[in-house]
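Report on the structure given below.
Residue numbers begin at 1 in each chain, while the letters A, B, ... track the order of the sequences. Given the structure is predicted, the values throughout are model-derived calculations rather than measurements.
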Amino acid sequence: MQLRTTARLLPLLAPVHLLILSVIVLPSLYVVWLSLNMSSFGQAPSFVGLQNYVRVLADPAFHHALLNTVVLVVVAVHLELAIGLGMALLFASGLPFRRFLLVAVLAPYAVSEVTAVVMWRFLFDPDAGPITLALRALNLPTLDWSFEPSHAMTLIGLLTIWLHLPFTFVIVYAARLAIPAELYEAARIDGATRWQAFRRVTLPLLAPAMLIALLFRYIFAFRLFSEAWLLTKGGPARSTEVVAIYLYQEAFSFNAFGPAAATAWIMVVISLVLAGAYVVLLRRGGLTHAH
Amino acid sequence: MRTDSLRTVSWRTDSWRTERWLIGLGKAAAVAAILLWSLFPILFIAVSSLKPGQDIFAVPPKWIFTPTLKHYAELWRSWGVFFDALLNSLLITVGATLLAIVASTCAGYVYSRHSGRWFGASIAGLIIVRLIPPIVVTLPLFPIVNTLGLNDTHLVLILLYATFFVSLGTVLMRTFMDQIPRELDEAASIDGASRLTILRKVIVPLAMPGVLAVAVFVIVFSWNEFLFAFVFTATRAKTAPLVISEMIGSIDGVDWGILFAASTVQLVPVLLFVVFMNRYLVAGLTAGSTKG
């Protein structure tokens, strides 16, 4: 009986599971094998054990890429959460034309990374960019992102915050709307100030949603590729490479499939650790979210 | 206690009025900043695409000018490949969306109507697997796709884009279908309807908001995706974002007018789509916020 039910359900489950298995699971497992071999395009692989991992972990270029990625993830994602939280509280405090404002805030969600790069490259163009010109007119420092690696990283950070703020904002805003107004009334009657109400009511109740948004954004920022690639191609001199660009370069520019595969599995493991944290939260809080 | 605090409140009325005024002002400033941040870059390229050549670089930026379609004409003349790429993007987006919707609807239905240890574990597996970075699978898929002769075809992108959204799609469909009473399936099943008929005639019409939410995610992703298109296509199946990236990197230096025109053409349809479907986007983003 049990078996027959499963057999009848199989055709309905098959498309999703076949796609996931053949496009994600099996290729990822193949990457494990690849990472243990020395191989290049059109060359027979030879088993080298963990040598690829050792090579990648000892490579200064990888250290640099990892550092860039971690800085981006830590700074950009937390900044994004802070802005998203501020915006959610502003929206919840009552705004006229809220419907229109919500659509305006969601707009960047529709923009491709390529188009966003076009926009921000021009806005910050060192010669003609309107923002550069405005900053210069105000005697403020400008971003020399085409020469200065740290400035390029700043621009990549801005770009990625701009693109993903709608996601973070919606998650936090939805959680804020779910807080019953009675709690704030009760806090007011108890004589709480705005700040106390925020500290004691809003923040603890928003914490699970904020944590979910954070984890998802960590995972997605960690794989960041397009923004950095389209803005600088990782240059000058590999200084703005992130881990995904390092992987791409190893695989498709240097044909070093082994080290690239090792990098890939380092990425997978870090992503899965973050995903594991998400599942633990999910079990505990009953909250799930998907990007 | 209560009367006490009420007295304090009336005591403070004056300073409260000032405070309210200040808060209003602060809010107005914050709203202006939000609008500027979200919309200015988008409006800027759309407006600039209509500016005559020199006005793009005018200092200070010119807001009043005679609009011209010159850059669009130039785009049509010298980047015909961009319009082929738009068609490719359209075909791939439609294909990926249909595939993702059909697959997620079927699986979401099963997960909504059946539970148990294996179902719970397999749906958690679906979510976790989805978190593997896409660039990881490009590596092994590249030689496989080549061997199968699928390189530079629409099919490979359709499969990839659909796959990266069926996990989310399944979870969303399950969430939306959980709200449809099981009694409806049972009634239809007693009337002799098959499982597929029930799904098609009863469940899908009622789960339409879920279908639309999934569609919004897949469409926006497929229309905009860069990495897979960059790795797996070269000429025949090239998508619009890829051609724009080539324009950015073209050797003759960047022709901003044409680039703005192409970006606007690529952006406007999906922007309008998101504006009209914003309800489903928000519903989709928050629908996950139920029991896992």
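Of the inter-residue distances, the one linking B/Leu259 atom CG with A/Phe122 atom CZ reads 10.0 Å to the nearest 0.5 angstrom. With rounding to the nearest 0.5 angstrom, the CG atom of A/Leu274 is 11.5 Å from the CD1 atom of B/Ile128. We find the CZ-CD distance between B/Phe226 and A/Glu227 to be 10.5 Å, quoted to the nearest 0.5 Å. In this structure, CG on A/Leu177 lies 9.5 Å from OG1 on B/Thr286, to the nearest 0.5 angstrom. Note: A/Thr115 OG1 to B/Ile42 CD1 = 9.5 Å, rounded to the nearest 0.5 Å. Interatomic distance, A/Ser22 OG to B/Leu141 CG, rounded to the nearest 0.5 Å: 8.5 Å.
Only the side chain of A/Phe225 has a heavy atom closer than 4.5 Å to any heavy atom of chain B. Using a 4.5 Å cut-off between heavy atoms, A/Leu163 does not touch chain B at all. For B/Val110, the part lying near chain A is the side chain, with the backbone staying farther off; criterion is any non-hydrogen pair under 4.5 Å. The contact between A/Leu272 and chain B is made entirely by side chain atoms (from C-beta outward), counting heavy-atom distances below 4.5 Å. Looking at A/Tyr248, both its backbone and its side chain come within 4.5 Å of chain B, counting heavy atoms on both sides. For A/Thr263, no part lies under 4.5 angstrom from a heavy atom of chain B. With a 4.5 Å cut-off on non-hydrogen atoms, A/Trp120 touches chain B through its side chain but not through its backbone. At a 4.5 Å heavy-atom cutoff, the contact between B/Leu267 and chain A is made by side-chain atoms alone. With a 4.5 Å cut-off on non-hydrogen atoms, A/Leu165 touches chain B through its side chain but not through its backbone. Of the atoms belonging to A/Asp125, it is side-chain heavy atoms, and not backbone ones, that fall under 4.5 Å from chain B. Within the 4.5 angstrom heavy-atom criterion, only side-chain atoms of A/Val103, from C-beta onward, approach chain B. Only the side chain of A/Arg194 comes within less than 4.5 Å of a heavy atom of chain B; its backbone N, CA, C and O stay farther away. At a 4.5 Å heavy-atom cutoff, the contact between A/Ile219 and chain B is made by side-chain atoms alone.
In this structure a side-chain-to-backbone donor-acceptor pair under 3.5 Å is present from A/Arg223 to B/Leu131. Between the side chain of B/Asn224 and the main chain of A/Ala110, a donor-acceptor pair closer than 3.5 Å is present.
Using a 30° and 60° split on the angle between ring planes, B/Tyr111 and A/His17 fall in the tilted class, from 30° to 60°.
Heavy-atom pairs under 4.5 Å with chain A peak, among B/Gly125, B/Ser245, B/Ala262, at B/Ser245. Counting heavy-atom pairs closer than 4.5 Å to chain A, the top residue among B/Val166, B/Thr163, B/Ile45 is B/Thr163. The most heavy-atom pairs under 4.5 Å with chain A, out of B/Ile34, B/Leu39, B/Ile135, B/Val274, come from B/Ile135.
For B/Phe230 and A/Trp229, the ring centers sit closer than 6.0 Å to each other.
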Before giving the answer on side-chain contact (heavy atoms from CB on, under 4.5 Å), spell out for A/Leu12 and B/Leu199 the whole-Å C-alpha distance, their side-chain angles and the decisive distance to 0.1 Å.
-> CA-CA 10 Å; A/Leu12 291 175; B/Leu199 189 56; 4.2 Å; yes
